[in-house]
Amino acid sequence: MDIGGGEAAAVRLARGNLLRDVVDGDDPDAWIALDAGVRQGSWGALWELTVDGPDVAELVRGGRPLTEEQLALALCHRDGRIRGAALARAAGFPELLPLVVVRCSDWVPQVREEARRLLAETLDARTVAGLMPLILRVGRRDRGDFVTGLARALLRAAPDEALAPLYAHPRRTVQRFAYRLAVEEGLLSAVELARAAARDADTVVQSLCADAALAAMTGDDAWDDVLEPLLGARGPRARSAGVTALRRAGRAERAAGFLPDRSGMVRACARYVVRQLGGDPRAWYRERCADPADPSLPPGAVLGLAECGERADAVTLWPLLGHPAAGVRARAVAGLRVLDTVDVARLWPLLDDPSPSVVREVTAALLPSAERLPADRLLARLGAGRPPAVRTAALRLLDAYGGVPGLRAAVALLDDPDVRLAERAERSVRGWRPTVTVPGGDPEVTALLTRAADHLGEAALRPLLWEAGARG
């Protein structure tokens, strides 16, 4: 919540700017910030800009007409009596309804009850949809359960289509609320829920709708109509739910097709179903990965072998480091790491692989053994002519190597044109500490740290120089 922004908004309102020009009505945090900003600011100065005369309470309670902007400020006043009096005059201003929602969690009981009464009289299913982001935001506060309860009751009583705009709402909290309500009330069929799980990008919605769709199935009713969307979904939560349900649907034989899935979650579910049929996923993976030149080998099969295999299965993975597909090579490296069979000498050449994904996996595999790598050859890979992935890998490994080579590498890249690499180098310098291999007062270390002064600043540089034993 940006209280500073809310205070600035309050000043703009007091100076005559229209409410719709000052507050983004669709942003719940803007209303919360305005509420806090008015109280943080100098209310006397704000009010003097807004009305003539000092008697604020009398103006709010009396019959003198107030503008929408004046009432907005009064609804956020630090004095509960003024907030309550402003509520009594807010009924004719629909644009102020968001601030009425905010007041429903007010710490003053009388203000809170008046706001709740006014909201219950004013709110309907149509306006609920527009206010849902703010309602859910206020609902997380102390005493905020009233607004979410009221919204839920209104939407339950409304026609089913009232929830439709909320299913596609840009805010995930609203989507989740709508689908939870739909599941509770049985507003969507199993097929509709399955399609929603397959379509939605939010993992919470995927799980909620997939589980509800499968729970709604009885007997042999329309399994294909429910399973097919789930099994073909892009999201792994929906796919894994569909794979797990294959056995219950009497279609367990299809699970083998998901053993090489790109998602580890889906692969694990497929292995479970295959085992329930008496199958051996490990044998399946071994057979599938036996040909290191097979162009149709799915990368997921390679990692799947490591997930359920043993160290002895590394003999199948090593030849795959030369596979033509980068995805297979990368998963082979990841699989060797899973099986704890990393061989530094054999993996080292893959730091120059043309695929960034392979380079990243090799880096992750080599990091625990960074001190065994040749520092001079890593430093050579920092050159500007090298691919970005190779340069980043070399810096990460030299950072793990530590000592003078690690500092030398990081300082050399502080002004690199690759901004992300330069930022990583600065973090490396800031986190650098002398190791037992660095003699105290090493002149190269002092020179390197001094070169980094413009980036670190004196406050960060001094402790580093002191730890390094620098003289003077």
Side-chain angles (χ1 to χ4, degrees), residues 236 239 243 254-275 277-374 377-378 380-381 386-394 396-397 400-401:
R239 282 204 314 285
V243 170
R254 292 187 59 186
F258 292 88
L259 287 174
D261 194 272
R262 61 183 179 275
S263 163
M265 180 189 304
V266 177
R267 290 194 298 270
C269 293
R271 289 195 293 269
Y272 168 79
V273 177
V274 168
R275 290 190 183 107
L277 280 181
D280 183 356
R282 183 182 175 198
W284 187 96
Y285 285 127
R286 281 176 171 171
E287 181 179 354
R288 193 69 184 83
C289 298
D291 181 2
D294 180 3
S296 65
L297 177 60
V302 180
L303 198 49
L305 175 58
E307 289 166 345
C308 69
E310 301 173 353
R311 288 175 62 89
D313 291 308
V315 70
T316 303
L317 297 183
W318 281 111
L320 297 176
L321 297 181
H323 194 277
V328 172
R329 297 197 302 276
R331 300 306 186 278
V333 176
L336 291 167
R337 187 155 57 96
V338 169
L339 293 174
D340 193 23
T341 55
V342 170
D343 184 324
V344 173
R346 294 176 72 178
L347 284 181
W348 164 262
L350 269 74
L351 270 180
D352 296 317
D353 193 280
S355 167
S357 63
V358 175
V359 174
R360 284 193 294 270
E361 289 293 349
V362 172
T363 305
L366 294 178
L367 277 172
S369 307
E371 72 283 353
R372 295 167 52 192
L373 301 175
R377 293 172 67 181
L378 286 174
R381 283 168 168 76
R386 298 277 187 165
V390 174
R391 302 180 75 210
T392 300
R396 289 184 63 194
L397 291 167
Y401 189 101

Residue pair [X] / [Y], side-chain heavy-atom distance below 4.5 Å:
| X | Y | result |
| --- | --- | --- |
| Pro281 | Arg275 | yes |
| Ser369 | Val342 | no |
| Phe258 | Ser263 | no |
| Leu367 | Leu397 | yes |
| Val273 | Arg254 | no |

State, to 0.1 Å, how close [X] and [Y] come at their nearest heavy-atom pair, and which atoms those are.
| X | Y | result |
| --- | --- | --- |
| Tyr285 | Ala301 | CD2-O, 3.4 Å |
| Pro292 | Leu320 | CA-CD2, 3.5 Å |
| Ala393 | Val359 | CB-CG1, 3.7 Å |
| Arg239 | Arg262 | NH1-NH2, 3.2 Å |
| Pro260 | Ala256 | CD-O, 3.9 Å |
| Glu310 | Leu339 | O-CD2, 3.4 Å |

**Request:** Assess whether side chain to side chain contact (heavy atoms under 4.5 Å, CB included) is satisfied between Leu347 and Leu321, documenting all intermediate values.
**Result:** CA-CA 9 Å; Leu347 284 181; Leu321 297 181; 4.0 Å; yes
Can you measure from [atom1] ([X]) to [atom2] ([Y]) and round to the nearest 0.5 angstrom?
| X | Y | atom1 | atom2 | result |
| --- | --- | --- | --- | --- |
| Arg288 | Asp294 | CZ | CG | 5.0 Å |
| Leu373 | Leu378 | CG | CG | 5.5 Å |
| Leu366 | Trp348 | CG | CH2 | 8.0 Å |
| Arg286 | Leu317 | CZ | CG | 10.5 Å |
| Leu305 | Arg282 | CG | CZ | 7.5 Å |
| Trp318 | Thr341 | CH2 | OG1 | 6.0 Å |

**Request:** With side chain to side chain contact (heavy atoms under 4.5 Å, CB included) as the test, would you mind laying out the steps for Val390 and Leu351 before giving the verdict?
**Result:** CA-CA 6 Å; Val390 174; Leu351 270 180; 5.7 Å; no
**Message:** Tell me which pairs pass salt bridge (Lys or Arg N to Asp or Glu O under 4.0 Å) where either residue lies in residues 361-372, with sequence neighbours left out.
**Reply:**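 Of all non-adjacent pairs touching residues 361-372, those that pass salt bridge (Lys or Arg N to Asp or Glu O under 4.0 Å) are Arg337-Glu361.
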**Item:** Residue pairs, two or more places apart or on separate chains, that pass salt bridge (Lys or Arg N to Asp or Glu O under 4.0 Å) and touch residues 299-309
**Value:**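 Qualifying pairs: Arg267-Glu307, Arg271-Glu307.
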**Item:** Worked check of side chain to side chain contact (heavy atoms under 4.5 Å, CB included) between Arg360 and Thr392
**Value:** CA-CA 9 Å; Arg360 284 193 294 270; Thr392 300; over 6 Å; no
**Request:** Check for a donor-acceptor pair, side chain of Arg329 on one end and backbone N or O of Pro324 on the other, with a separation under 3.5 Å.
**Result:**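 Side chain of Arg329 to backbone of Pro324: a pair is present.
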**Asked** Val328 and side chain to side chain contact (heavy atoms under 4.5 Å, CB included): which partner among Leu297, Val333, Leu303?
**Response**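 Between Val328 and the candidates, side chain to side chain contact (heavy atoms under 4.5 Å, CB included) is satisfied uniquely by Leu297.
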